[in-house]
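So that the names make sense, note that chain A is the first sequence line, chain B the second, and so on, each numbered from 1.
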Amino acid sequence: MSILSVRDMKKSYGAIQAVGGISFEVKPGEILGVIGPNGSGKTTLFNAILGQIKPDSGHVEFEGKDISGRSPLELSRLGIGRTFQNLQVFGKLSLRDNLIAAAQEFAGTFWGRMLAPPDNGLGQRADEMIEMFRLQQVADLPAGSLSYGQQKLVDIAMAFMPKPRLVLLDEPCAGVNPSLVDGLRELLVELNKKQGGSFVVIEHNMDFVMKLCHRIVCLVEGKVLAVGTPEEIQGNRAVLEAYLGN
Amino acid sequence: MISKQHLAFLGVSLAALLCAPLLLKTYGLYLLTLWLVYVIAALGLNLTVGYAGLKSLCHAGFMGVGAYTVAIMMKAGFSFWLASPVAIVICFALGLVIGFPALRVQLHYLGFATLGFNLLLVLFFRNEEWLTGGTFGIQNIKRPEFLGFSFEGNLAFYFLVLAVTLVTGILLALLLRSPWGRAFAALRDNPIRAESTGINITAYTLMSFAIGAAYAGIAGALFATLVNFIEPAPFGIANSLLFLMMVVVGGSGRFYGPVLGAAIALLLPELLRDLKDWYLAVFGLVVVLMMIWLPGGLLSLRETLKLAKAKRNAKLKMEGLV
Amino acid sequence: MASVRLTEQVNKKDKMTDFLQLLLSGVATGAIYAMAALGFTLLWQAAGTINFAQGEFVMLPAFAMLIGMSFGLPLWASFIVAVALSILVLGAAFKNWIVDPMRGSGVVAVVVATLGLSIGLKSFTKAAYSAEPHPFPSIFGDEVFKLFGLTISYSDVGALVFAGVMVLGLQTFLNKTITGRAMQAVAQNTFSAEALGINVKRMIFYTFAINAILVAVTALLITPTYLAKFDMGDNIGLKAFFAAIIGGFNNSRGALLGGVLVGVLENLAGAYLSPAYKDGVALVLFMAVILVKPDGLLGTPQERKV
C-alpha cells in the first residue's frame with residue numbers, strides 16, 4: 001500500500017490550467033523528489049496535498065484516506081509533517097523549546113498536558129535531535145536570534161520531532177549556504193534510515209535531489225513528464241529538453 | 001529549576017511583604033492590598049497578552065463582572081467562599097465567549113472588539129439598576145469570614161489577599177512551565193507554524209482568554225470586599241487600558257512584568273501626588289517614550305543586554321564550526 | 001369615528017416625520033464619524049499605524065479653536081489656525097517623533113504608545129485647560145428650516161454636505177491625481193513604490209497631513225453637539241474605529257459606509273430600542289460584521305502569508 005497517492009488531480013485558475021491530471025504514489029520509507037521548471041505545477045500540487053486548495057477533480061489520499069481540504073492541524077494529527085520554504089520558527093522560544101513544541105501535542109491529552117512535566121517527556125528526544133543537527137551550542141538561545149541557516153535547520157528538525165509518517169519538504173535548500181547543502185542531505189538520509197517515514201521533497205537544486213531521492217517525479221506544464229530513479233531521470237531526453245528549453 | 005538567585009529574591013520579597021504592615025499606616029496598607037489585587041488581575045492579563053499574544057482590552061470589565069457577582073451574591077446572603085468561585089466561573093465562561101471573535105478577526109482588530117465589549121459591560125452595570133444599583137452602585141459589601149474568623153480588619157484582609165496572590169501566582173507559574181505555557185508562546189510567536197505542528201490554536205486561544213478573565217474575576221472579588229463599595233467607574237475602558245499598560249510597561253511575557261507594572265501604575269501617582277492632574281499627562285508621555293526606546297518593557301532591559309552578550313559569545317564559539 | 005381615524009393618521013405622519021428626522025441627523029453624524037474613520041484607515045494603509053489616539057486628535061483641534069476664539073478670532077479664522085497647527089503637531093510631529101522611531105518595534109508597541117499618547121493628551125488638556133465641557137458654536141448657525149413637515153437644522157445639513165464633500169474630494173484626489181495615486185501605491189506596496197521612483201517618505205507624510213486635516217474638520221463639525229471636553233475623544237475615537245472596521249479597514253469608501261451605518265443605526269436604536277444602550281450599537285454591528293465578513297463590508301480579504 002502507498003503512503004500518499006495523488007490520483008488524476010486537476011486544478012485550474014480561470015483559463016490557466018495549473019495542474020492537468022497528475023497521478024503518482026509515494027511508497028513507505030521512500031524519498032520522492034518533485035522537480036520541474038517554474039510554473040510546472042509544483043506549488044499547486046504541494047498546496048493541494050497540504051489541503052490549502054481543493055483540486056477541481058481527483059484525489060489526494062494519505063494511507064487510503066482522502067485528505068483534500070483538511071486543515072493544517074488535522075494533517076499534522078494524521079501524521080503529516082512539513083517544513084517551510086521561508087523561516088517559520090517560534091522566535092522567542094529557545095531552540096530546544098521549539099523542538100519540544102513541535103512534538104508535545106502528540107503525547108498525552110489536552111487537559112493532561114496542563115499538569116504534565118514541562119518537557120512532556122520529550123527532553124531527551126529534543127536533545128538527540130539537537131545533537132544530530134549539531135546545534136548544541138545554540139540550543140538555549142531564542143530561535144529568532146539564530147542565523148538564517150540555523151533557523152532553517154531548526155525548521156527541518158521541528159518537522160521530524162513527532163516522527164511523522166510523511167514529511168513534505170518545501171525547498172529545503174533555499175537560502176542555505178551551498179557549503180552546508182551536503183551536510184543537510186546526509187542528515188535527511190540519516191533521518192530516513194533511523195526513523196523511517198516517507199519524504200516528498202520539492203527542490204530546485206538538481207544535484208541535491210539526484211543524490212537524495214530514491215525516485216523522482218518530473219512535472220512539466222502541469223503534467224507528469226517522467227517518473228523514475230535519479231539515473232533514469234538523468235538519462236531522459238524529454239526531461240533534459242524541458243529544462244534546457246527547445 | 002529555580003535558580004538560587006531567584007529563590008533568594010523570592011525569600012526577600014516574601015519577608016518584605018510579611019513585614020511591610022508593621023511600617024505602614026491605614027492608607028499605606030490599603031494601597032499595598034490594592035496593589036496585590038491589581039497584581040492578580042495583571043498576572044492574568046499577562047497570560048493573554050504577554051504569553052499568548054492576544055490583545056485583550058476588557059480586563060477591567062472582567063474584573064467588574066467578578067466584583068459585581070460577589071457583591072450581589074453577598075448582598076443576597078451567600079458566603080464569600082461560595083460567591084467568589086461563582087464569580088471566577090462566570091468570568092471564565094465570559095472569557096470563552098470573548099475568545100471567539102479572537103479566532104475570527106485579525107489580531108489588531110481584537111483590541112477594538114474587546115474594548116467594545118468592555119463598553120457594553122459598563123453600560124450594563126450602569127443601566128441595569130435592579131441588579132447592579134446603577135450609578136449608585138452597591139454599598140457596604142462585607143469582608144469575608146472563615147470558620148468564625150473574620151477578615152474584617154485591614155491587617156487580616158491584607159494577609160488574605162497576600163495568600164491569594166501567592167497561590168494564584170504559583171499556579172500561573174506552574175501553568176507557564178507546563179506544556180501549555182509553551183503552546184501559548186508558540187501561538188504568540190507563529191500561529192501558522194503552531195497549527196502545522198499539531199497545536200490546537202482554537203483551544204489554546206480560548207483557554208488563554210478564559211484563564212486571564214478568571215484571574216480578573218478573582219481580583220474583582222477581592223476588590224469588591226477591599227473597598228466595600230462598587231460602582232461602574234473602576235471597571236471602565238480607561239482601567240482596561242491601564243491594565244494593558246501595567247503589563248507592557250513592566251514587561252509583557254515576563255512573569256514579574258505585571259508585578260512591577262502594577263506597582264508603577266498604582267504607587268507612582270501617590271509619589272507624584274504634587275503633580276495632581278499633570279500626573280497622568282506625564283505618565284502618558286513616559287509610556288510613549290518607553291515604547292520608543294524600550295518596547296519590551298522595563299524588565300527587558302537586562303535581558304536585551306544579556307541576549308546581545310550571549311549572541312556575541314555564541315558567535316565566537318560557532319566560528320569555524322558550522 | 002372619523003376623528004379617531006384622523007388622529008391615527010396624524011400619529012402615523014408624526015412617526016414618519018420622526019423617523020426621517022432621526023435618519024437625517026444619523027446620516028449627518030455618521031458622515032462626521034466617517035471622516036475620523038477615513039483618516040484612521042489612511043494611516044493604517046500607508047504607515048501600518050493603528051492610532052488609538054485618533055479621538056484625542058479630534059479633541060485637540062477643538063480646543064485649539066476654542067483658544068483661538070477666546071483671543072477674539074472668528075470661528076473660521078480659528079479653524080484655519082487649528083488646521084495649520086494640526087498638520088504641524090498631529091501630522092509632522094506625530095510622524096517624525098513617535099511613529100518613525102518605532103518602525104520595526106511591532107504593532108503592539110505602537111498600540112501601547114498611542115494609548116499612552118491618548119491618556120497623556122487627555123490629561124494634559126484636563127490639567128492645562130479645564131475638566132468642564134465648553135459650548136462650541138456651529139459654523140452653520142443654530143437656525144432650523146421646515147421642509148415637507150421636517151424640522152431640519154442648518155448644522156446637520158452643513159455637516160452632511162461638508163463631510164460628504166471632504167470624503168468625495170479625498171476619493172477623487174486619491175484616484176485621479178498623480179500624488180494621490182502615488183500615495184495609494186505606497187499604501188499597497190512600499191517596496192515597489194520606491195522602485196518606481198516614488199518619494200515614499202513624502203507620500204507617507206502627506207497621509208499624516210491629510211489625517212491631520214480630517215481630524216480638524218471632524219472637530220469643527222462634531223464639537224457643537226459633543227461639546228469641547230477633554231474626554232470627548234473617547235467616544236469619537238471608538239466610533240471611528242468601529243466604522244472603519246465595519247466598512248472595511250483596507251478600503252477608503254468602506255469608512256464612509258461604516259460611518260453612516262453607525263450614525264444612522266445608533267440614532268434609530270437610541271429612539272426606538274433603548275437610549276441607554278445607544279453607545280453599544282456600533283459594537284453590536286461591528287461584532288455582526290466581523291463574524292460574517294471579517295474584512296469588513298467593502299474590504300477585500302487579506303492574504304494569509306504561509
Side-chain angles (χ1 to χ4, degrees), chain B residues 49-50 53 55 57 100-101 103-113 115-124 126-128 134 191-193 196 236-238 241-242 244-245 247-249 252 275-297, chain C residues 44 48 50 52-53 56 97-102 104-128 131 230-231 234-235 238 241-242 244-245 249 274-280 282-284 286-287 290-292 294-296 302 304-306:
Chain B
V49 175
K55 263 147 269 168
L57 287 174
F100 271 107
L103 301 168
R104 289 286 303 178
V105 300
Q106 292 182 337
L107 283 182
H108 43 270
Y109 294 5
L110 188 61
F112 304 126
L115 203 63
F117 183 73
N118 200 150
L119 184 87
L120 213 57
L121 283 176
V122 172
L123 288 176
F124 182 84
R126 192 179 294 154
N127 293 313
E128 301 305 314
I192 292 170
R193 182 46 145 161
S196 79
I237 288 170
L241 301 182
L242 195 66
L244 182 71
M245 289 191 185
V247 171
V248 175
V249 167
S252 75
L275 287 176
K276 286 181 185 149
D277 284 349
W278 290 95
Y279 157 69
L280 271 177
V282 174
F283 179 75
L285 183 72
V286 169
V287 168
V288 175
L289 293 179
M290 227 192 83
M291 284 301 105
I292 293 172
W293 287 318
L294 200 65
Chain C
W44 166 247
I50 296 185
F52 266 86
E56 281 62 46
W97 294 346
I98 296 179
V99 176
D100 282 353
M102 294 194 69
S105 315
V107 179
V108 183
V110 178
V111 166
V112 173
T114 53
L115 280 175
L117 189 65
S118 153
I119 292 180
L121 292 176
K122 252 186 303 208
S123 321
F124 173 81
T125 311
K126 187 180 170 191
F230 71 97
D231 62 356
D234 288 352
N235 205 356
L238 214 55
F241 302 148
F242 286 138
I245 298 165
F249 214 57
S274 154
Y277 287 98
K278 186 181 165 191
D279 286 335
L283 171 77
V284 173
F286 162 81
M287 288 293 206
I290 60 167
L291 286 177
V292 181
D295 297 293
Q302 283 171 358
R304 200 176 130 137
K305 288 175 189 131
V306 179

Please look at Ile237(B) and chain C and tell me whether the side chain, the backbone, both or neither of the residue comes under 4.5 angstrom of a heavy atom of that chain. side chain
Measuring from Leu280(B):CG to Leu121(C):CG, what's the distance to the nearest 0.5 Å? 12.0 Å
Can you tell me which portion of Leu294(B) sits under 4.5 Å from chain C's heavy atoms? Options are side chain, backbone, both or neither. neither
At a heavy-atom separation under 4.5 Å, does Leu123(B) approach chain C through its side chain, its backbone, both, or neither? both
When Gly116(C), Ser274(C), Ser118(C) are compared by non-hydrogen pairs under 4.5 Å with chain B, the top option: Gly116(C)
Do the side chains of Ile119(C) and Met245(B) get nearer than 4.5 Å, heavy atoms only? yes
Under 4.5 Å from any heavy atom of chain B - which part of Phe241(C): side chain
If you round to the nearest 0.5 Å, how far is CG of Leu283(C) from CG of Asn118(B)? 10.5 Å
Residue from Pro295(B), Gly116(B), Ser196(B), Gly296(B) scoring the most non-hydrogen pairs under 4.5 Å with chain C is Gly116(B)
Quick one: CG on Leu115(B) to CZ on Phe52(C), what's the gap to the nearest 0.5 Å? 6.0 Å
Whatever's closer than 4.5 Å to a heavy atom in chain B on Ala128(C) counts as both
Phe242(C): partners by ring-ring contact (aromatic ring centres under 6.0 Å, His included), with sequence neighbours left out: Phe286(C)
Can you name the one residue among Val288(B), Val248(B), Val249(B), Val49(B) that meets side chain to side chain contact (heavy atoms under 4.5 Å, CB included) with Val112(C)? Val248(B)
About how many Å separate CZ of Arg126(B) and CG of Asp279(C), when rounded to the nearest 0.5 Å? 8.5 Å
Turns out that what part of Phe124(B) lies under 4.5 Å from chain C's heavy atoms comes down to both
Quick one: what part of Ile292(B) sits under 4.5 Å from any heavy atom of chain C, side chain, backbone, both or neither? both
Look at Ala109(C), Pro101(C), Ala282(C) and state which one has the largest set of heavy-atom pairs under 4.5 Å with chain B. Ala109(C)
CG-CE distance between Leu115(C) and Met291(B), expressed to the nearest 0.5 angstrom: 10.5 Å
Heavy-atom distance under 4.5 Å to chain B: side chain of Leu238(C), backbone, both or neither? side chain
When the 4.5 angstrom heavy-atom criterion is applied to Val99(C) and chain B, the contacting part is neither
